[in-house]
Trainee: 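One structure, as structure tokens, below. Some questions next.
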Amino acid sequence: MRIATWNVNSVRARLPRLVPWLERQRPDVLCIQETKVRDEEFPAEPLEDQGYNLVCFGQKTYNGVAILARHRIEAVVRGFPDDGEDADRRLLGAIVGDVVFLNVYVPNGQEVGSAKYRYKLDWLARLRHFLDQSYDLGEKLVVLGDFNVTFDDRDVYDPEAWREQIHCSLAEREALRRLAEFGLHDALRELHPEAGIYTWWDHRGGAFPKDHGLRIDHLLMSPKARKACSAVFVDRDERKGKGASDHAPVVAELD
DNA sequence: ATGGTGGGTTCCCCA
């Protein structure tokens, strides 16, 4: 099974990229973030025409997550159990085949010390609590998406410039580590220990041509999923050219 | 020195 995560930064704006990408990479399951669209306005048809079932959990303007799958999508979970109606739509769980997916769009946090930063740390703690309550580590479980946090300095193009900056602060990294300590493996890192693998490059300042990137999109796998995982790669080519998202897709093979 | 670009439905906010 080929699975992938991609922050598309508006599913409607990205359709001219997303449809050919699905044709090219043919993932069995794709989890997308930042769809930025209400469910009733989600552009389902061009994706269904590619042979995908889909579930979406979105809102106007901000956030929004969706799962596309070439097989039946079951046991769909929308948001945290204690979310109100007006909560950010950042979390979507489902089962496809024998794999349990949890698609996450972690809050950006804007700036270390800000109200949004505290919201981000709190959201990561709630996610850990949700895993404890509702997920079985004995399953093939994959928690994947845009975590907006680097694990360590290998994920950062200029670690000194980014020291204690957003995506890289110690408190964010500890929150991400506590999440992984549920028993999840950072699949890309275990297969590729070298520094300099990134998934996001700012649209501003020509960051991509200079390879000024961060690795903030992750696939965190339970032991069973990790054992089945034979490859993980960043589809860096998808970040090239006009009309690209600021994130590249991350793809993994599960045997 | 607070720049720059892209997306949304904005008269600015968010990433």
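Numbered from 1 within each chain, the chains take letters A, B, ... in sequence-line order.
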Trainee: Summarise protein proximity over nucleotides 7-15 of chain B in one line of letters, 5' to 3': B for base, S for sugar-phosphate only, - for none, counting protein heavy atoms closer than 4.0 Å.
Mentor: SSS----SB
Trainee: What's the separation between atom NZ in A/K227 and atom NE2 in A/H185, rounded to the nearest 0.5 Å?
Mentor: 7.0 Å
Trainee: Using atom C1' in both nucleotides, what's the gap between B/dG8 and B/dG3 to the nearest angstrom?
Mentor: 22 Å
Trainee: For residues A/R189 and A/F151, determine if any side-chain heavy atom of one lies less than 4.5 Å from a side-chain heavy atom of the other.
Mentor: no
Trainee: Would you measure the distance from the C1' atom in B/dT9 across to the matching atom in B/dC14 and give it in whole Å?
Mentor: 14 Å
Trainee: Taking the six-membered ring for Trp, are A/W201 and A/Y157 ring centroids under 6.0 Å apart?
Mentor: no
Trainee: Is A/V65 linked to A/Y62 within one hydrophobic cluster, defined over Ile, Leu, Val, Met, Phe, Trp and Tyr using a side-chain heavy-atom separation of less than 4.5 Å?
Mentor: no
Trainee: Does A/H71, at its NE2 atom, have more than 12 non-hydrogen atoms belonging to other residues, nucleotides or ligands within less than 6.0 Å?
Mentor: yes
Trainee: Check whether any side-chain heavy atom of A/R14 lies under 4.5 Å from a side-chain heavy atom of A/I32, and answer yes or no.
Mentor: no
Trainee: Sticking with atom P, work out how far B/dC12 lies from B/dA1, rounded to a whole angstrom.
Mentor: 26 Å
Trainee: Go through residues 154-175 of chain A and report each residue with a non-hydrogen atom lying under 4.0 Å from DNA chain B, sorted by number.
Mentor: none
Trainee: Quick one about A/Y117 and A/S169 (side-chain donor to acceptor, distance below 3.5 Å, no hydrogens or angles considered), yes or no?
Mentor: yes
Trainee: Considering only atom P, compute the distance from B/dA15 to B/dT2 and round it to an integer number of Å.
Mentor: 22 Å
Trainee: Check the distance between B/dT5's P and A/K210's NZ and give it to me in whole angstrom.
Mentor: 11 Å
Trainee: How are the rings of A/F130 and A/Y135 set relative to one another: parallel (under 30°), tilted (30 to 60°) or perpendicular (over 60°)?
Mentor: perpendicular
